[in-house]
A.B. asks: 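To start, I am sharing the structure in question, which I have written as structure tokens.
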Amino acid sequence: MQEHTVLRIIAKLLIAPIIIFALYVQFHGDYSPGGGFQAGVILASALILHALVFGVQATRRAVPPAVLRVTASLGVLIYAGTGVICMLRGGAFLDYDYLAHNPVHGQHYGLLLVEFGVGMTVASVVTAIFYVFAGRGRQPGEHED
Amino acid sequence: MTTEMLLNYALLVFLVVIGLTIARLRHLFPVAMLTGLYSLVCASLLTLLNAPDVALTEAAVGAGVTTVLFLATFGLTRAREKPVEPQRQIIGLIVTLVTGAALFYATLDMPPFGAADTPVQQSPLRERYLVAEQKEIDVPNTVTAVLGSYRGYDTLGETTVILTAGVGVLLLLGRSRRRRPRPGDSPRRGNS
């Protein structure tokens, strides 16, 4: 799709704000709609937009599939690890009250960590699945019929 | 009738129209576009129903990612639906009608739209989630508090399901070429 100047420039303008919106949805999820899952999908859609306009190969170079495999697992590890830390500090699994001296603060830390893990896993898995599909046939965006 | 109700009805009519159009189309590219549009209308409906969390997900997954995955799949298969012989069409029609009738019958048991005395409204958990939450967790977005804290185990399970889905897709499709393309590689040639 390299020859479509308008699409390319609009996509360039849009990708960065989409990623910032994903981060906003991620870390502002305690106060406004959204959370890890939504943020992860929005981040993945920014990467997919990049792949559609600049080619999957360019996106693979920016975000290699091998990295995605690690971050996908790391997200679940962060989530479960938060639960284990709660246990180490004397609470039940995923009982965020024990993460800080003040239970309410503990809940806030716990939610932030857990949502971060969810976002990481979702973004990585969605992008990885897209890579696999897009890497097997013609590139999406090249369809002519 | 309030504006909101009018908007609700208008969007529902849109959904029906889009659904009927999808059923009539043979070419699958417009179908992929229309399913994306369907998701977008659904997202608008969810926003009207004050469920912005779900609306965000629907817009991003339904209208964005799924459409692109459909398009990528058309690159692997063909983008035209094969005509079905009339006999099988009739079977499909009967199955659809029976299922549809069952679903309509099920809606008769549902409480009227916006009713105040539904089980959800009267459950003791409502007090806990909507009132006590503000002291226990003190996060304005109750949805995040419920998903992340009160139902943290469920969300951990969901995240694991997503990871498992990703691992499954990568195992089935990811290794077809023996060797991962390195950054310096030229774009794919006709692999199969």
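Computed from a prediction, not measured in an experiment: that's the story for all the values here. In the text below, chain A, chain B and the rest are named by the order of the sequence lines, each starting its count at 1.
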A.B. asks: Would a hydrophobic clustering, with Ile, Leu, Val, Met, Phe, Trp and Tyr connected at side-chain separations under 4.5 Å, put Val65(B) with Val169(B)?
C.D. replies: yes
A.B. asks: Looking at side-chain heavy atoms only, is the closest gap between Asp53(B) and Phe37(A) below 4.5 Å?
C.D. replies: no
A.B. asks: Within a strict 4.5 Å, meaning less than it, do heavy atoms of the Leu56(B) and Ile42(A) side chains meet?
C.D. replies: yes
A.B. asks: Under 4.5 Å from any heavy atom of chain A, what part of Thr142(B) do you find: side chain, backbone, both or neither?
C.D. replies: neither
A.B. asks: Which atoms of Tyr31(A) are under 4.5 Å from chain B, going by heavy atoms: the side chain, the backbone, both sets, or neither?
C.D. replies: both
A.B. asks: Ignoring hydrogens, what is the shortest heavy-atom contact between Tyr79(A) and Gly152(B)? Give both atom names and the distance.
C.D. replies: OH-O, 2.7 Å
A.B. asks: What's the shortest heavy-atom distance between Ile162(B) and Val122(A), and which atoms?
C.D. replies: CD1-CG2, 3.7 Å
A.B. asks: Please rank Thr73(B), Val167(B), Asp138(B) by heavy-atom pairs under 4.5 Å with chain A and give me the top one.
C.D. replies: Asp138(B)
A.B. asks: To check you understand the geometry: which heavy-atom pair defines the closest contact between Glu136(B) and Gln107(A), and what is its length?
C.D. replies: O-CG, 3.8 Å
A.B. asks: Side chain, backbone, both or neither: which part of Ala44(A) has an atom under 4.5 Å from a heavy atom of chain B?
C.D. replies: neither
A.B. asks: So for atom CD, which belongs to Gln87(B), do other residues, nucleotides or ligands contribute more than 12 heavy atoms lying within a distance under 6.0 Å?
C.D. replies: no
A.B. asks: Side chain, backbone, both or neither: which part of Val143(B) has an atom under 4.5 Å from a heavy atom of chain A?
C.D. replies: neither
A.B. asks: Same cluster or not: are Met120(A) and Leu77(A) linked, directly or through other Ile, Leu, Val, Met, Phe, Trp or Tyr residues, by side-chain heavy atoms under 4.5 angstrom apart?
C.D. replies: yes
A.B. asks: Quick check: do Thr155(B) and Glu115(A) have side-chain heavy atoms less than 4.5 Å from each other?
C.D. replies: no
A.B. asks: With only heavy atoms counted, which part of Ser32(A) is less than 4.5 Å from chain B, the side chain, the backbone, both or neither?
C.D. replies: backbone
A.B. asks: Flag yes if Leu172(B) and Val132(A) sit in one hydrophobic cluster, no otherwise; membership is Ile, Leu, Val, Met, Phe, Trp, Tyr, and two members link when side-chain heavy atoms are under 4.5 Å apart.
C.D. replies: yes
A.B. asks: For Phe93(A), is it the side chain, the backbone, both, or neither that has a heavy atom closer than 4.5 Å to a heavy atom of chain B?
C.D. replies: both
A.B. asks: Looking at Phe133(A) and Leu76(B), what are the two nearest heavy atoms and their distance?
C.D. replies: O-CD1, 4.4 Å
A.B. asks: Looking at Asp30(A), Val41(A), Val25(A), which makes the most heavy-atom pairs under 4.5 Å with chain B?
C.D. replies: Asp30(A)
A.B. asks: Using the rule that two of Ile, Leu, Val, Met, Phe, Trp, Tyr join whenever any of their side-chain heavy atoms come within less than 4.5 Å, decide whether Leu147(B) and Leu125(B) are in one cluster.
C.D. replies: no
A.B. asks: Restricting to non-hydrogen atoms, name the atom on Val76(A) and the atom on Leu163(B) that form the minimum distance, rounded to 0.1 Å.
C.D. replies: CG2-CD2, 3.8 Å
A.B. asks: Restricting to non-hydrogen atoms, name the atom on Leu170(B) and the atom on Arg69(A) that form the minimum distance, rounded to 0.1 Å.
C.D. replies: CD1-CG, 3.8 Å
A.B. asks: Give a yes or no on whether Val67(A) and Phe130(A) share a hydrophobic cluster (residues Ile, Leu, Val, Met, Phe, Trp, Tyr; joining criterion: side-chain heavy atoms under 4.5 Å apart).
C.D. replies: no
A.B. asks: May I ask you to name which of Leu49(A), Leu68(A), Ile129(A) has the most heavy-atom pairs under 4.5 Å with chain B?
C.D. replies: Ile129(A)
A.B. asks: Does any backbone or side-chain atom of Val118(A) lie under 4.5 Å from a heavy atom of chain B? Answer side chain, backbone, both or neither.
C.D. replies: both
A.B. asks: Just give me the residue among Thr159(B), Ile137(B), Val54(B), Thr160(B) that pairs up with chain A most often, heavy atom to heavy atom, under 4.5 Å.
C.D. replies: Ile137(B)
